Amino acid sequence: MEKKTVKYLVSGAVIGGVTLLALWRWMHSMKKRLKFRRLNETQIHVINSSTEWEQHYPILASQLDSHKVLGFDCEWVFDKKRRPVALVQISTQQGFCLLVRTSKIAPNIPESFKKILADRSILKVGVASKDDGKKLQKDYGIVVRGCVDLRHMLGRIRGIYNCSSVGLQGLAAAVLGVNMAKESNIRCGDWEADILSSEQIDYAAQDALVAVDIFTNLVLAKMLGRAPQSNEIDHGAITEVDFWKKARSLCQGLVDILHKSKTMKTIINDSQQALSQQQSTDSVDGKGKGKKHESRAYSLRTRPLYYNCCLLAPDGQLLCTCDVRKVEWYIYKGLAEKVCDDPVTIKLKFEPAGRPKSELDYYLQNKENVCVVCGKSESYIKKLIIPKEYRKYFPPILKDHASHDVLLMCLPCHQMSCQYDSILRQSLAEECEAPLDAGSTSRSFQDHDLQKVRSAAKALLFNKSQIPQKRVEELKSIVTDFFGIDSLSEELLQKAAELDIRVNNPEFLPHGKKVVNHVRKNGGLLNFEKRWRKNFLDNMKPNFLPVMWSVDHQHERYANQMNLESDTLTGECSL
């Protein structure tokens, strides 16, 4: 009877709206020790169908509830050019590894698989994980978020590990003491085969398992200030709360950031400097009141976008809401006078070129400084709904009111939106025959004659003593003929060695210009605008858009002004 009473009290008593049971669970989680995978504790499953994925998904989801990290890698076949990603390897921190054969499952890729990859709170760790995510996005439209490159993490841990190379193999050797076999016949094998060989399965699983193990050890090394010992890992001396607190701090600013090729020394110096700057700004006066750098790739706004100042015509009609800088400019130029301070209102001293036709005009509405998607009221940046690479080639009339397509978004929403934008850009590249990469129509190319002169000069400057005399005379002749002189000086050789061998390609057309030229002839720019705005609405589903924001903003007016109802602006969009 007493035991039942105690059980009832623990499960039912409420303190400040929280049950004692919930309180007990929270206290237990604070003390819960982090369990580390032993090398022999692995479960590897090859997923050949959506049904097989759904069978294993519950186990994966349960492990991700407390350990939000996946070792992540991809494999594909290269036959003259890269084929679509054939295999996605993911592994949890507990050693549960799934090898998802996307080439077999597509196009019926499970939504739960896409959801896990798109969840930014679940880290996808590996070497070049962001690049692999971009390949999945290009091949299958799968958005991958939460990518962390292990090389970035290593750059924030100084003096603990000595890596001979910064590939996964080099990291595994330095951090884990594991020698990864990277046999080329397996690495470049047929990942689209009907049945994967046991060697392929072991190879693929190892990449994901090793990646998550490196992540774990790097976090522990940061916590301890040294490489963790096996006995510390075996006895589980670290709590889950402490581990993930340090993991989030270590990865701050590194999520979804592409890795640029640098020397190891540069990586460490740059990353360490970024970390020290972040720590100093996050902890002003030791109270964490500094400005937080959420990502090195984005610059967050330091002031509002919308001030909602009022601009009146001479007769008092409201013309638009505007920025405080525009108000100051009108007053400074003597073109307007201030008539009110709350809200700041000015009245023009001249008749404006145009007036709003309705009180429901978009530019008359007050706008909130919040993320248009989730409503977050801080740490926001500007989002260009129609990318600048296209709009800059629009006719002037379509540029005049571009502010309609400048909205505020918080950093996570902005990053997600950019992922969807890149999918549409890829579609446009194919439809308009406007490749995103330079390819054969690059902006510039190497002049082989100039390259020959530069190479000859460098050889004479640095390797003359090792070159046969006959060849030296030939090299001198190449340089003297180019400059039209009889003798060479050290200064002239130095000048020749520094020649810029790249010349502009007159046939080059950037991707954005090619796309705009195409849509002007096939559907019109107004439909092109609509397509980008609908892309934003359909994918992001914003809940806090400014009043009167629309996909066909002022299109009727533009068509009337330009008198091109069926030519460059209007018409049925063929895209």
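These numbers come from a predicted model, not from an experiment.
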Is the backbone N or O of [Y] less than 3.5 Å from a side-chain atom of [X], with the two atoms forming a donor-acceptor pair by type?
{"X": "Asp405", "Y": "Ile385", "answer": "no"}
{"X": "Asn308", "Y": "Lys367", "answer": "yes"}
{"X": "Glu52", "Y": "Asn48", "answer": "yes"}
{"X": "Lys383", "Y": "Ile381", "answer": "no"}
{"X": "Lys513", "Y": "Tyr390", "answer": "no"}
{"X": "Glu529", "Y": "Asp552", "answer": "no"}
{"X": "Thr92", "Y": "Phe96", "answer": "yes"}
{"X": "Arg533", "Y": "Phe528", "answer": "no"}
{"X": "Thr102", "Y": "Val85", "answer": "yes"}
{"X": "Arg226", "Y": "Ala221", "answer": "no"}

Hey, could you give me the [atom1]/[atom2] distance between [X] and [Y], rounded to the nearest 0.5 Å?
{"X": "Arg531", "Y": "Ser427", "atom1": "CZ", "atom2": "OG", "result": "6.0 Å"}
{"X": "Arg151", "Y": "Ile214", "atom1": "CZ", "atom2": "CD1", "result": "11.5 Å"}
{"X": "Ser121", "Y": "Arg145", "atom1": "OG", "atom2": "CZ", "result": "9.0 Å"}
{"X": "Gln89", "Y": "Glu75", "atom1": "CD", "atom2": "CD", "result": "4.5 Å"}
{"X": "Leu305", "Y": "Asn369", "atom1": "CG", "atom2": "CG", "result": "6.5 Å"}
{"X": "Lys68", "Y": "Arg248", "atom1": "NZ", "atom2": "CZ", "result": "10.0 Å"}

Closest heavy-atom contact between [X] and [Y]?
{"X": "Met409", "Y": "Ser417", "result": "CE-CB, 3.7 Å"}
{"X": "Lys114", "Y": "Ile109", "result": "CE-O, 3.8 Å"}
{"X": "Leu218", "Y": "Leu150", "result": "CD1-O, 4.1 Å"}
{"X": "Gly133", "Y": "Phe72", "result": "N-CE2, 4.1 Å"}
{"X": "Tyr140", "Y": "Ala106", "result": "CE2-CB, 3.6 Å"}
{"X": "Val210", "Y": "Met180", "result": "CG1-SD, 3.8 Å"}

TODO: With side chain to side chain donor-acceptor pair (under 3.5 Å) as the test, would you mind laying out the steps for Ser112 and Trp53 before giving the verdict?
DONE: CA-CA 9 Å; Ser112 54; Trp53 166 264; 2.7 Å; yes
Does a side-chain N-to-carboxylate-O contact under 4.0 Å join [X] and [Y]?
{"X": "Lys115", "Y": "Glu111", "result": "no"}
{"X": "Lys514", "Y": "Glu389", "result": "no"}
{"X": "Asp139", "Y": "Arg82", "result": "yes"}

Quick check: do [X] and [Y] have side-chain heavy atoms less than 4.5 Å from each other?
{"X": "Cys374", "Y": "Cys410", "value": "yes"}
{"X": "Pro510", "Y": "Tyr393", "value": "yes"}
{"X": "Ile142", "Y": "Phe113", "value": "yes"}
{"X": "Leu171", "Y": "Val127", "value": "yes"}
{"X": "Val255", "Y": "Cys147", "value": "no"}
{"X": "Met416", "Y": "Val143", "value": "no"}
{"X": "Asp132", "Y": "Trp76", "value": "yes"}
{"X": "Leu408", "Y": "Tyr306", "value": "yes"}

- [ ] Please say whether more than 12 non-hydrogen atoms of neighbouring residues, nucleotides or ligands are located less than 6.0 Å from CG in Asn162.
- [x] no
- [ ] Can you establish whether the number of heavy atoms outside Gln63 located under 6.0 Å from its atom CD is more than 12?
- [x] yes
- [ ] Check the pair Tyr362, His404 against side chain to side chain contact (heavy atoms under 4.5 Å, CB included), reporting the backbone distance first and the verdict last.
- [x] CA-CA 8 Å; Tyr362 173 80; His404 172 269; 4.0 Å; yes
Open item on the list: Evaluate Gln137 against Val144 for side chain to side chain contact (heavy atoms under 4.5 Å, CB included), listing each step before the verdict.
Closed with: CA-CA 7 Å; Gln137 178 182 305; Val144 183; over 6 Å; no
Task: Trace of the side chain to side chain donor-acceptor pair (under 3.5 Å) decision for Gln93 with Thr216 - done: CA-CA 8 Å; Gln93 212 169 25; Thr216 300; 2.8 Å; yes
- [ ] Kindly determine whether Val212 and Leu70 satisfy side chain to side chain contact (heavy atoms under 4.5 Å, CB included), including the steps that lead there.
- [x] CA-CA 6 Å; Val212 76; Leu70 287 172; over 6 Å; no
- [ ] Decide whether Gln365 and Thr321 meet the rule of one side-chain donor and one side-chain acceptor closer than 3.5 Å.
- [x] no
TODO: Check whether the side chains of Asn217 and Asp213 place a donor and an acceptor atom closer than 3.5 Å, and report yes or no.
DONE: no
Open item on the list: If the test is salt bridge (charged side-chain N to carboxylate O under 4.0 Å, His left out), which one of Lys134, Lys124, Arg120 qualifies with Asp256?
Closed with: Arg120
- [ ] With sequence neighbours excluded, tell me which residues meet side-chain contact (heavy atoms from CB on, under 4.5 Å) with Leu545.
- [x] Val372, Leu407, Phe536, Leu537, Pro542, Trp549
Task: Contacts of type side-chain contact (heavy atoms from CB on, under 4.5 Å), residue Asp190, not counting sequence neighbours - done: Val77, Glu192, Ala193
Task: Chi angles and distances behind the side chain to side chain contact (heavy atoms under 4.5 Å, CB included) call for Val100, Leu87 - done: CA-CA 6 Å; Val100 184; Leu87 185 72; 5.7 Å; no
